[in-house]
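Some notes on the structure that comes next.
Computed from a prediction, not measured in an experiment: that's the story for all the values here. If you read the sequence from its start, that first residue is 1, and numbering goes on from there.
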Amino acid sequence: MTSAYDRLPLNALRVFEAVATRLNFSDAAEALHVTPAAVSQQVKALEDYLQTPLLLRNGRGVQLTLEGTRLLPGLRRGLDELETALQQIRQERESGTVNVTTVSSFLQKWLTPRLADLHARHPDIDFRIHTSSEIVDFARTDFHAAIRLGTGTYAGLRSEKILDEYLVAVASPALLAKYGAIPDAGDLARLPLLHGDEINWTSWCEGDVDGLTRLRGAFLDDSAALLGATVEGLGYGILRWTLAAGELQAGRLVLASKQVLPHRFAYYFVCPEPYMTLPKVTALRDWLLGQAREFPPPPAG
């Protein structure tokens, strides 16, 4: 079935509005970047469509007929609404809200301290950030992008590496002063150790591996909680560099070992390929890449 809209002479209506506003064919043609003959042809097509004259030619100028006078206000309202709708679409591509998902610990310790800079550079874009360890289904949600710690392989999605990740051993200054640095090899049983799910102390150290498997200490499966316990001096912790760097800079943590291990994963900006045509999404991607370039890696041992 065809819609009534399919038969509307939209181009002729636009030309008529230009002539009716200027009451001159030549001026309307100049505004529309067409010839006066083309303007005249479009007006005639509209008059044929309506089966009534809309303009009276008066030398070089024109006058509106009664029917033309009645048509013009409604036409202008329609064109204004159309322009408003088109403008909203343009603005939503460049501004508005960007829905992003990432892991909670990365948001808390790396992304949040930088959000003021993001807002200062892009004040017209509102960022709504959701935290989850699950991979979102872009087809069933309103998310535009994800920042993921992984291998970068996400079927059917565009993936760009933002940042490499590392693992470092850290402690509070008071704890390090009391127990000393973590030895490169040997017995760690004398040290208060905290355990997480990133890596175990057996993989971190060399030496008495059998003894390491019997190490005691609290286990926390949340990276942010592990970081907090380490800052509080409850023990030595192995943490991701993106989480620990800010605490080291603030003096609340210190490196407890010269060893630095590359993480098996990195951070990736992930989104459906069509979303990269949205300026607001590319603005976020470019900002993240810029922040990552300014973020120094851990000092090499």
Checklist entry - Taking NZ, NE, NH1 and NH2 as the nitrogens, is one of them in Glu247 or Lys109 under 4.0 Å from a carboxylate oxygen of the other? => result yes
Checklist entry - Any Lys/Arg nitrogen of Arg121 or Asp117 sitting under 4.0 Å from an Asp/Glu carboxylate oxygen of the other? => result yes
Using salt bridge (Lys or Arg N to Asp or Glu O under 4.0 Å) as the criterion, list what pairs up with [X], not counting sequence neighbours.
X: Glu160; result: Arg158, Arg285
X: Glu198; result: Arg240
X: Asp137; result: Arg140

Item to check | All side-chain contact (heavy atoms from CB on, under 4.5 Å) counterparts of Pro36, not counting sequence neighbours | outcome: Ser26, Ala29
Checklist outcome for this item: Sequence neighbours excluded, the answer for side-chain hydrogen bond (donor to acceptor under 3.5 Å, both in side chains) partners of Thr230 is none
Checklist entry - For Arg14, which residues count as a side-chain hydrogen bond (donor to acceptor under 3.5 Å, both in side chains) partner, sequence neighbours excluded? => result Asn11
Next on the checklist: I'd like to know if Leu13 and Leu79 are part of one continuous hydrophobic network [Ile/Leu/Val/Met/Phe/Trp/Tyr, side-chain heavy atoms within less than 4.5 Å].
Outcome noted: yes
Checklist entry - With no hydrogens and no angle check, do the side chains of Thr21 and Arg76 hold a donor and an acceptor under 3.5 Å apart? => result yes
Next on the checklist: Is it true that Thr242 and Glu165 share a donor-acceptor pair across their side chains at a distance under 3.5 Å?
Outcome noted: yes
Item to check | Nearest-0.5 Å distance, CH2 of residue Trp201 to CD1 of residue Ile199 | outcome: 9.5 Å
Checklist entry - Looking at CG of Leu111 and OG of Ser105, how far apart are the two atoms once the value is rounded to the nearest 0.5 Å? => result 11.0 Å
Using 30° and 60° as the class boundaries, would you call the ring planes of [X] and [Y] parallel, tilted or perpendicular?
X: Tyr179; Y: Tyr236; answer: perpendicular
X: Trp110; Y: Phe106; answer: parallel
X: Phe143; Y: His130; answer: tilted

